[in-house]
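Counting convention: from 1, in listed order, for ligands and their atoms alike.
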Amino acid sequence: MIDLHVHTNYSDGSTSPADLVSLACAAELEAVAITDHDTLAGYDQARFEDPRHTLELICGVELSTRPEPESIAGRRQRSIHLLGYFLLCPPAPEFRIWLQHQQAARRQRNVDLVANLQRLGLQLTLSDAEVYGRNQVGRPHFAKVLCDKGYVVTMQQAFDLYLADDAKAAVARDEPSLEEGIRRIRNAGGLTSLAHPVRLPQQNIELECLVAHLADMGLQGIEVYHSEHDAAQRATYQDLARRFDLIPTGGSDFHGQNKPSVQLGTGLDSNVCLHYSFLEQIREMFYARACTR
Ligand code: AMP
Ligand code: FE
Ligand code: FE
Ligand code: ZN
């Protein structure tokens, strides 16, 4: 079994890279792709923690990219997540330097977000969120702080009221376009895959148009298996993959205790169960394209 969508505490997962390697080995996983948000630091650390390579670790990333149009009917749209998989070898330094710019944009977003929340009368500081996001502060960490302080009852309420892209404290972060994300990952030797399409506001015919457009831009894959996809959605996304010649990818989107219902390797109630042959298929399709395009 494998899992190709996993977060560590170098982004908004709760599990350290060392613990993730142990968990994956205990679950007898054969391969894991670490796909932290806009950073490779969790993967770098995990490699360091597993010097004997007991587990096949794949270098991945999940980029936040700007939606187009940025707002629909006056509502700002949620960022579109793009997965990158470096199947042959980790990306060149140029890509890492570019990711550092994304990190800087995140830090500025966090400063602006705190200011917006304070303006709304909420008493919290960046340090409060840094307690949870020691390596990188993300909005789920702010959601936890808002719960702790009693401003909201659930993390989802924190998003709905304050943190979501169209909520009261939202910050328009400087994000790359999807086109730039695809280009950066591809130039660094990676495979690009559209993450959890279920979260996109576009579905059905609109999703089809978006996927056609992205495939023209150079998108190579689409996440078919994900803990938030039911059987019907998996079938729909598999069909899109077939029609637009995209490589199906999949993983649980494990975030440890920050999303306790999702298990490493199996997702939500075992709705993601991928065999090693799935990774082999991805590799074969990716290399076949690299040779012909
Ligand atoms: P960040 O990367 O810091 O901008 O935080 C993005 C993360 O926050 C996403 O990966 C989701 O886990 C979560 N998130 C964003 N928007 C929402 C929303 N509207 N409702 C629930 N969770 C959200
Ligand atoms: Fe996340
Ligand atoms: Fe995501
Ligand atoms: Zn993810």
Report, rounded to 10°, the angle at the Fe ion (ligand 2) between the two atoms OD2 (D12) and NE2 (H255).
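Roughly 110°, rounded to 10°.
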
Mind telling me whether H37 and H7 have parallel, tilted or perpendicular rings, with 30° and 60° as the class edges?
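If you compare the ring of H7 with that of H37, the planes turn out parallel.
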
Mind checking whether the Fe ion (ligand 3) has an N, O or S of [X] under 2.8 Å?
{"X": "H5", "answer": "no"}
{"X": "H37", "answer": "no"}
{"X": "E62", "answer": "yes"}

Give the residue, atom name and distance (to 0.1 Å) of the protein heavy atom nearest [atom].
{"atom": "atom 11 (C) of ligand 1", "result": "R78 NH2, 4.0 Å"}
{"atom": "atom 6 (C) of ligand 1", "result": "R139 NH2, 3.7 Å"}
{"atom": "atom 2 (O) of ligand 1", "result": "R106 NH2, 2.8 Å"}
{"atom": "atom 9 (C) of ligand 1", "result": "H81 CE1, 4.0 Å"}
{"atom": "atom 13 (C) of ligand 1", "result": "F159 CZ, 3.4 Å"}
{"atom": "atom 19 (N) of ligand 1", "result": "A164 CB, 3.6 Å"}

Give a yes-or-no answer on whether the side chains of D50 and T54 include a donor-acceptor pair shorter than 3.5 Å.
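Side-chain D/A pair, D50 to T54: present.
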
Does either side chain, that of N110 or that of R107, offer a donor lying less than 3.5 Å from an acceptor on the other one?
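No - no donor-acceptor pair under 3.5 Å links their side chains.
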
Tell me the contacting part of M155 for ligand 1: side chain, backbone, both, or neither, using a 4.0 Å heavy-atom threshold, strictly below.
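The answer is neither; M155 stays 4.0 Å or more away.
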
Would you find a donor on one side and an acceptor on the other, under 3.5 Å apart, between the side chain of [X] and the backbone of [Y]?
{"X": "D253", "Y": "H5", "answer": "no"}
{"X": "Y85", "Y": "L4", "answer": "yes"}
{"X": "Y151", "Y": "Q123", "answer": "yes"}
{"X": "T35", "Y": "V61", "answer": "no"}

Should you measure from each heavy atom of [X], which atoms of ligand 1 turn up under 4.0 Å away?
{"X": "H37", "answer": "10 (O)"}
{"X": "G138", "answer": "3 (O)"}
{"X": "Q156", "answer": "20 (N), 21 (C)"}
{"X": "R109", "answer": "1 (P), 3 (O), 4 (O)"}

Write the atom name of the N, O or S atom in H81 that is nearest the Fe ion (ligand 3).
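Distance check against the Fe ion (ligand 3) picks out ND1 in H81.
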
Backbone or side chain, does any N or O of K259 fall under 3.5 Å from an N or O of ligand 1?
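For ligand 1, there is no N or O atom that lies under 3.5 Å from one belonging to K259.
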
For ligand 1 and S64, I'd like to know whether there is a polar contact (N/O to N/O, distance under 3.5 Å).
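No, since none of the N or O atoms of S64 sits under 3.5 Å from an N or O of ligand 1.
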
Specify the closest pair of heavy atoms between R184 and F95, including all atoms of both residues, with the distance to one decimal.
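What the structure gives for the nearest pair is O-CD1, 3.6 Å.
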
Before giving the answer on side chain to side chain donor-acceptor pair (under 3.5 Å), spell out for H255 and D12 the whole-Å C-alpha distance, their side-chain angles and the decisive distance to 0.1 Å.
CA-CA 7 Å; H255 280 74; D12 56 1; 3.0 Å; yes

With ring pair (Phe, Tyr, Trp, His ring centres under 6.0 Å) as the test, would you mind laying out the steps for Y225 and F278 before giving the verdict?
CA-CA 11 Å; Y225 301 91; F278 186 71; 5.4 Å; yes

State, with a plain yes or no, whether a side-chain heavy atom of R106 is found less than 4.5 Å away from one of S64.
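Sidechains of S64 and R106: in contact.
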
